[in-house]
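So you know, we letter chains A, B, ... as the sequences are listed, proteins then strands, and number each from 1. Quantities reported herein were computed from a predicted structural model and do not represent experimental measurements.
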There are 4 protein chains.
Amino acid sequence: MAPRTEEQFEEIRNIKVNLIVKTAMELFAINGYDSTSISNIASAAGISKGLMYNYFSSKDELLKKVMLSGMENFMLFLEVKDVDSIKKEEIVAFIDGNFNLLQENTEYYKLYFSLAFQPKVFALLSTEFMVIFEQLIEKLVLYYTQKGADKPYAKARLLLATFDGIGIHYLSDIEYFPLDDVRKLTIEML
Amino acid sequence: MAPRTEEQFEEIRNIKVNLIVKTAMELFAINGYDSTSISNIASAAGISKGLMYNYFSSKDELLKKVMLSGMENFMLFLEVKDVDSIKKEEIVAFIDGNFNLLQENTEYYKLYFSLAFQPKVFALLSTEFMVIFEQLIEKLVLYYTQKGADKPYAKARLLLATFDGIGIHYLSDIEYFPLDDVRKLTIEML
Amino acid sequence: MAPRTEEQFEEIRNIKVNLIVKTAMELFAINGYDSTSISNIASAAGISKGLMYNYFSSKDELLKKVMLSGMENFMLFLEVKDVDSIKKEEIVAFIDGNFNLLQENTEYYKLYFSLAFQPKVFALLSTEFMVIFEQLIEKLVLYYTQKGADKPYAKARLLLATFDGIGIHYLSDIEYFPLDDVRKLTIEML
Amino acid sequence: MAPRTEEQFEEIRNIKVNLIVKTAMELFAINGYDSTSISNIASAAGISKGLMYNYFSSKDELLKKVMLSGMENFMLFLEVKDVDSIKKEEIVAFIDGNFNLLQENTEYYKLYFSLAFQPKVFALLSTEFMVIFEQLIEKLVLYYTQKGADKPYAKARLLLATFDGIGIHYLSDIEYFPLDDVRKLTIEML
DNA sequence: AATGAATGAGTCTTCATTCAT
DNA sequence: AATGAATGAAGACTCATTCAT
C-alpha cells in the first residue's frame, strides 16, 4: 500500500469534519448544547471521543464551527451586488429568499434560535453576527432612504426584528403558523 | 424561648423565597440556565446551598417559579375586559403596555428569551405559555375581524411574532435599538 | 393555668418517646435505616425535627432505643427461673414462645433481621445482644448436658442458629413458609 | 502510536472490573452497602471516581454485579445431575460443599447476609435468588420424599433455613462458632 | 489518524444536626 | 417543651479533556 497522499489526508479530514459538524448540529438542535455531550456526538458520528479533539480543540470551538457552518448559506445568499442604489425587487427577493431558507433549513434555524440567545453563545459569535447584521442594516437603510421613507433606520431594524420574530414563531409551531400568509403580509408592508 | 409564630415563619419564608427567585433570575439571565449552578445562586444570595432545597424542591422547579413569577406582571396586564368587541385604543394600550413592560423588565425578558427556546424549558412551561398565547391571539383576531381586515389570523400571529422579534433585538442591543421609533411604527402599522 | 407538675412533664416525655420509637420502628422496617430520615420520622410522628433531639441525641441513639425497645418482649420472655436444672418442658415452652413471638411481631422481627446484620447496627448493639445470647446458650448447654447428649455446646448453638434461620425464611416468605410444621419438627428434634 | 487493539482494551477492562468488584465486595461486607461510598471504593481500588462509571452505570448495578459474581461459585456448585432420583450421598455432598463454601468465601457470605434483608437489595436480586432457591427446594423435597419421610416440604425448608442460620451465626462469631461439630450434627440429622 | 481508558472538577441533591426564638 | 430555618459535609453521578498506545 502506498502511503496516502497529502490530498487524501486532506479529504479524509474534510469528510470527518463535515460529519462531525452535521451530527453535532442535529444533536444540539434536538437536545440543546449543554445536554449534548462530546460522547453523544462521537458515538452518533461513529468515531471515538479522542478523535473529536483532533478536529476541534474544545466543545466551544465545535459549537462555533457548527454555527458558522450553518451561517454559510445565509451569507452566500447575502452577497448582493455592492451598489449605491438598491431596487425594491432586490429587497423582495431578499425577503423571499429568507423565508425559503427558513422553510428549507428548519433544523439549523431551530438550533440558531435556541443558541443565539444563550449569552455564552452570543458572546462566542457576536463578532460574526455583527458583521452580517450590519451589512443587512446598511442595505435596508439605503432602501428606505431611497424610497424617501420616514425613519429609515428604525424601519430597517424593525424589519430584521420582524424576521427573527417570525422565525421563532414559525419554528415553535411549524404546523399551524400561517407562514405563507405572513410572507405576503411582510412583503406588502414594504 | 417560645417557638416563633407561624406568621414569623411565613415572613422569613417570603423574604427568602423572593431573595432566591430574584437572584436566580439575574443569574439565569446573565449566564443561562445550565451555566448557572445552585451553588452560584446560593452564594450570590448569601445563603447555603441546602437552604435552596427548603424552598424549591429542584433546580427545575426553581426555574419554573422564576419564570412564572416574572409572568405575573404580564398576566395582570392582560386582564382586559372580556367583551365581544374590542376598540383600537385597547389594542394600542396593549401594545404600549407591552413596550413599557419590556423597557421596565429587561432582566426578566432577557431570561424569558434566553430560556424559551431551550427545549427543556419550553417543555416545562409550554402549558402556561400556551394559555396566555391563545388568549392574546383570540383578542387580536377579534380586533382585526372587527376592522374588516384581510387574513385576521395571519395578522394576529404576525403582530405577536413582531413583538418577540422586537424584544429580542432590543435586548441584544439595548443601547442602539431605536425602541421609541419602533414603537411608533408598530402602532401606525395597526 | 397551674404549671404542669413534674409528673405531668414526665408523662408527656414518655408518651412522646414511645410515639417516636414506634414510628421510627415502622419506618426503619419498611424502608431501612439509611433510607429513613429524621424528617420522615418527625413528620410521621407529627412533631418537629428539632424536638427529636430533645429525646434522642442522635439518629444512632434512636436506632439503639428502637432495637432495645423491641428486645424487651424478648428479654421478658427469657426470664426463666435461674435454677441448676432445666426441664424439657421449659425448653419446649421457650421454643414455642419464640415461634409465637415471631408470628405476632413480624414487623419488629423484620426490622430486627434487616438491621442486625448491618455491621454498623451490630457494632452498636453487640454488647446487649451478647448478654442475651450467652444466657440462652448457657441454658441450652445445661439442658443438653443434663440429657447426656453429645456435643452439648454445638447443639445449643445449632439450635439458636436454626431459630434465626427459620425467622429469616419465614419473614421473607410469610405466605408460603410452613411455620407450623417447622415448629413441630423443631420440637421433635429436641 | 497505533491505537491499542481490542484485545488489549479487553484485558484492561477485565482487570479493572475484577479489581473494582473485589474491592467493592470487601467494603460492602465490612461497612454495609449504604455506608460504603463510591469514593471509598474508588480510593481503595486506587482509581478515580469517574472510572467507576466507565464500568458500572450506577452503584446499584455495581452491587448487583458484586452479588452475582459471588453467586457464581455457588451456582457452579449447584449443577447437580438432573435425575429423577437423588441419593443420600449426593445430599451429604451438597451439605458438605455448602459448609466448605461458607468457610472459603466468608467475605461474600458476610455481604450476602448483610444485604439479603435490605428491601432494596432483595428487590434488586430476588429473581436470581428465587431461581436458585427453588431448584434447591425441589431437590431436597425429592430426597425426603424418596426416603419416605413425613412432611418433606417442611423438612426441605427447615434444612435451608438451618443453613442460613448457621451461616449467620458462624459469620458473626467465626472464632468461636463450632462449625465442624455443627456440620456433623447437620449431616446426622438427615 | 485513531482509540477509549483515565482523570478530576463540578453538578444536583440529601440530611443529620444546630440554634434563635 | 417546641418549632422549623439554616448549615455544611457528604453522596451519586456527569463530562470535557488528556494521554498512552
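- Toward the 5' end of DNA chain F, the nearer of the two residues A:Ser35 and C:Lys16, judged by each one's closest nucleotide, is C:Lys16.
- Nucleic acid contact class of C:Phe56 (heavy atoms, under 4.0 Å, all strands): none.
- Each of B:Gln8 and D:Met52 lies near DNA chain E, and the nucleotide nearest D:Met52 is the one positioned closer to the 5' end.
- Rounded to whole angstrom, the span from the CD1 atom of C:Ile38 across to the C1' atom of E:dT18 amounts to 13 Å.
- Residue-level contact check: A:Ser43 touches neither bases nor backbone, having no heavy atom under 4.0 Å from any strand.
- For D:Asn54, counting side-chain heavy atoms from C-beta on, the closest listed nucleotide (E:dT13, F:dT7, E:dA5) is E:dA5.
- If you take CG of B:Leu19 and P of F:dA5, they are 15 Å apart, rounded to a whole angstrom.
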Quiz prompt | B:Leu63 and B:Phe56: CA distance, side-chain angles, deciding distance, side-chain contact (heavy atoms from CB on, under 4.5 Å) verdict | solution = CA-CA 9 Å; B:Leu63 170 61; B:Phe56 304 92; over 6 Å; no
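- Going from atom CD of B:Glu10 over to atom P of F:dG4 covers 12 Å, rounded to whole Å.
- When rounded to the nearest whole Å, the span between CD1 of C:Ile41 and P of E:dT14 equals 17 Å.
- If you take CD1 of A:Ile20 and P of E:dA1, they are 11 Å apart, rounded to a whole angstrom.
- Remark: side-chain polar atoms of A:Asn40 are paired, donor with acceptor, to backbone N or O of A:Ser37 under 3.5 angstrom.
- For the pair B:Lys59 and B:Tyr33, the cation-pi criterion (under 6.0 Å, within 45° of the ring axis) is fulfilled.
- Among E:dT21, E:dA5, F:dT3, the nucleotide with an atom closest to any side-chain atom of C:Ile47 is F:dT3.
- Side-chain N/O atoms of C:Tyr53 include one lying less than 4.0 angstrom from OP1 or OP2 on E:dT17.
- The side chain of D:Arg4 places no N or O atom within less than 4.0 Å of a non-bridging phosphate oxygen (OP1 or OP2) of E:dA5.
- E:dT14: Watson-Crick or G-U partner is F:dA9, with both key distances under 3.5 Å.
- Out of E:dA2, E:dT21, F:dT17, the shortest distance to the side chain of A:Lys59 is found at F:dT17.
- Within the nucleic acid shown, D:Thr36 comes within 4.0 Å of sugar-phosphate atoms alone, with no base atom in reach, counting heavy atoms only.
- For the atom pair CE (B:Met25) and OG1 (B:Thr36), the distance works out to 13.0 Å, reported to the nearest 0.5 Å.
- Using a cut-off of 4.0 Å between Lys/Arg side-chain N and Asp/Glu carboxylate O, D:Glu10 and D:Arg4 are scored as not salt-bridged.
- Across all non-hydrogen atoms, the minimal contact from D:Thr23 to D:Ala45 is OG1-CB, 3.6 Å.
- With both pairing distances under 3.5 Å, E:dG8 is matched to F:dC15 as a Watson-Crick or G-U wobble pair.
- Nucleotide F:dA1 is matched to nothing when pairs are restricted to Watson-Crick or G-U wobble geometry with both distances under 3.5 angstrom.
- Heavy-atom distances to DNA chain E give each of A:Arg13 and C:Gly50 a nearest nucleotide, and the one nearer the 5′ end belongs to A:Arg13.
- Side-chain atoms of D:Glu11 do not come within 3.5 Å of backbone N or O of D:Gln8 as any donor-acceptor pair.
- If you check every strand for non-hydrogen atoms under 4.0 Å, A:Ser57 touches nothing.
- If you check every strand for non-hydrogen atoms under 4.0 Å, B:Ser37 touches sugar and phosphate atoms only.
- Taking atom NZ on A:Lys49 and atom P on F:dT14, their separation rounds to 13 Å, with Å as the unit.
- When heavy atoms are screened at a 4.0 angstrom cut-off, B:Ile12 is found touching the sugar-phosphate backbone but no base atom.
- Of the two residues near DNA chain F, B:Glu6 and B:Gly46, the one whose nearest nucleotide lies more 5' is B:Glu6.
- Atoms CZ (D:Phe9) and P (F:dC19) sit 16 Å apart, rounded to a whole Å.
- At a threshold of 4.0 angstrom between heavy atoms, the contacts of D:Thr5 with the nucleic acid are absent.
- Counting non-hydrogen atoms under 4.0 angstrom, D:Leu51 reaches a base of the nucleic acid.
- Rounded to an integer number of Å, the gap from C:Asn31 CG to E:dT14 C1' is 15 Å.
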